[in-house]
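Residue indices begin at 1 and follow the sequence shown. Because only heavy atoms are used, hydrogens play no part in the values below, and waters and symmetry mates are left out as well, while side chains stay in.
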Amino acid sequence: MSVDATTETIAQTELTAEWQPPMPPTDLIFDDGVPLETNRHRTAMNVLIRSLQQAWAGRQDFFTGGNMFVYYSSTQARNRDFRGPDFFAVLDIDGSYSREGWVVWNEEGRYPNVIVELMSESTAEIDTGIKKDIYERTFRTPDYFVFHPFDPNSLQGWHLDTTQRYQPLAPNERGWLWCEALGFWLGTWEGIVERQPAIWLRFYDQAGNLVLLPEEAAAQQAETAQQQAEVQRQRAERLAARLRELGEDPENL
């Protein structure tokens, strides 16, 4: 090997050893101190998060959160110019631990599979404009929904088509929209949550059954247990009556 070739090889080796790829920001903040629009917005967010966690209680392959920063680029992180979705879910990841926020470069480049924004008068234009464009073109989030907690008729949704562009979802006969990523319908439900009577955005399974909150599931289980106990009590009473007809005292058996 010539002296020139050897010198060039050494120079390239030294350059390779010295070069380090640019690292993403590490001084991230996860709370800007800005609260959700109203208490109903906060409750509406928690309804979606908690009901999905209840539905998939035995799974650790997903993460769901809300009102959390989503960091997806160094520029966006430095400018602090983007606040996270009101509700989002990421599938096929390790969901066994909590996060302060969703940092895409720490999550192997994974973005949310589903996003729901809870609109208000001040955010509706952004939620259906700038944010929708980001979720479509940068996040490539398959399913995106918007809903105004004070307007039961405001539910809209979009799904990425084969060209990676959002197409509006058509509601079924109940006005629900299908969320393909989760395998649930999104629709309205009237009732009381956290002592607030309202029309809430809820998940429904493929059969049309409401996806319950933890307290609703516990109440349902308690009611089922009570009904089973009542069936057993009635059965015991019928058996005792039959024994008495046969001349037997059930208390002495």
Legend entry - Close side-chain approach of F87 and L201, heavy atoms under 4.5 Å: no

Inset, instruction - Any salt bridge (Lys or Arg N to Asp or Glu O under 4.0 Å) involving residues 133-145? Give me the pairs, sequence neighbours left out, ordered by first then second residue. - result: E136-R165

Inset, instruction - Just grab all the salt bridge (Lys or Arg N to Asp or Glu O under 4.0 Å) pairs involving residues 144-163, residues at least two apart or on different chains. - result: none

Legend entry - Partner set under side chain to side chain donor-acceptor pair (under 3.5 Å) for N209, not counting sequence neighbours: D205

Inset, instruction - If a pair satisfies salt bridge (Lys or Arg N to Asp or Glu O under 4.0 Å) and one of its residues is in residues 43-55, list it, with sequence neighbours excluded. - result: R50-E215

Legend entry - Cation-aromatic face contact R202/Y204, 6.0 Å, 45 degrees: no

Just list the side-chain donor-acceptor pairs under 3.5 Å for residues 173-188, sequence neighbours left out, or say none.
none

Inset, instruction - Return the set of residues passing salt bridge (Lys or Arg N to Asp or Glu O under 4.0 Å) with E125 (not counting sequence neighbours), or none when no residue passes. - result: none

Legend entry - Min side-chain heavy-atom separation R99-E107 under 4.5 Å: yes

Inset, instruction - Please work out which of the three classes, parallel, tilted or perpendicular, describes the rings of F150 and H148, given edges at 30° and 60°. - result: perpendicular

Legend entry - W158-Y135 aromatic ring centre distance below 6.0 Å: no

Inset, instruction - Could I get the full list of side chain to side chain donor-acceptor pair (under 3.5 Å) partners for S120, not counting sequence neighbours? - result: E37, S122, T123

Inset, instruction - Could I get the full list of side chain to side chain donor-acceptor pair (under 3.5 Å) partners for S96, not counting sequence neighbours? - result: D94

Legend entry - For E194, side chain to side chain donor-acceptor pair (under 3.5 Å) partners two or more places apart: R42, T43

Inset, instruction - Would you check if N67 and M45 make a side-chain contact, meaning some heavy-atom pair closer than 4.5 Å? - result: yes

Inset, instruction - For G157 and F145, work out which heavy atoms get closest and say how close. - result: CA-CD2, 3.7 Å

Inset, instruction - Could you list all the salt bridge (Lys or Arg N to Asp or Glu O under 4.0 Å) pairs where at least one residue sits in residues 55-68, not counting sequence neighbours? - result: R59-D61

Legend entry - Non-neighbouring partners of T138 that pass side-chain contact (heavy atoms from CB on, under 4.5 Å), sequence neighbours left out: Y72, Y111, I134

Inset, instruction - Flag the pair F62 / L52 as yes when at least one side-chain heavy-atom distance between them is below 4.5 Å, and no otherwise. - result: yes

Inset, instruction - Grab the two heavy atoms, one from D127 and one from K131, that are nearest each other, plus how far apart they are. - result: OD1-CD, 3.4 Å

Legend entry - F147: ring-ring contact (aromatic ring centres under 6.0 Å, His included) partners, not counting sequence neighbours: none

Legend entry - Side-chain heavy-atom pair V104, F139 within 4.5 angstrom cut-off: no

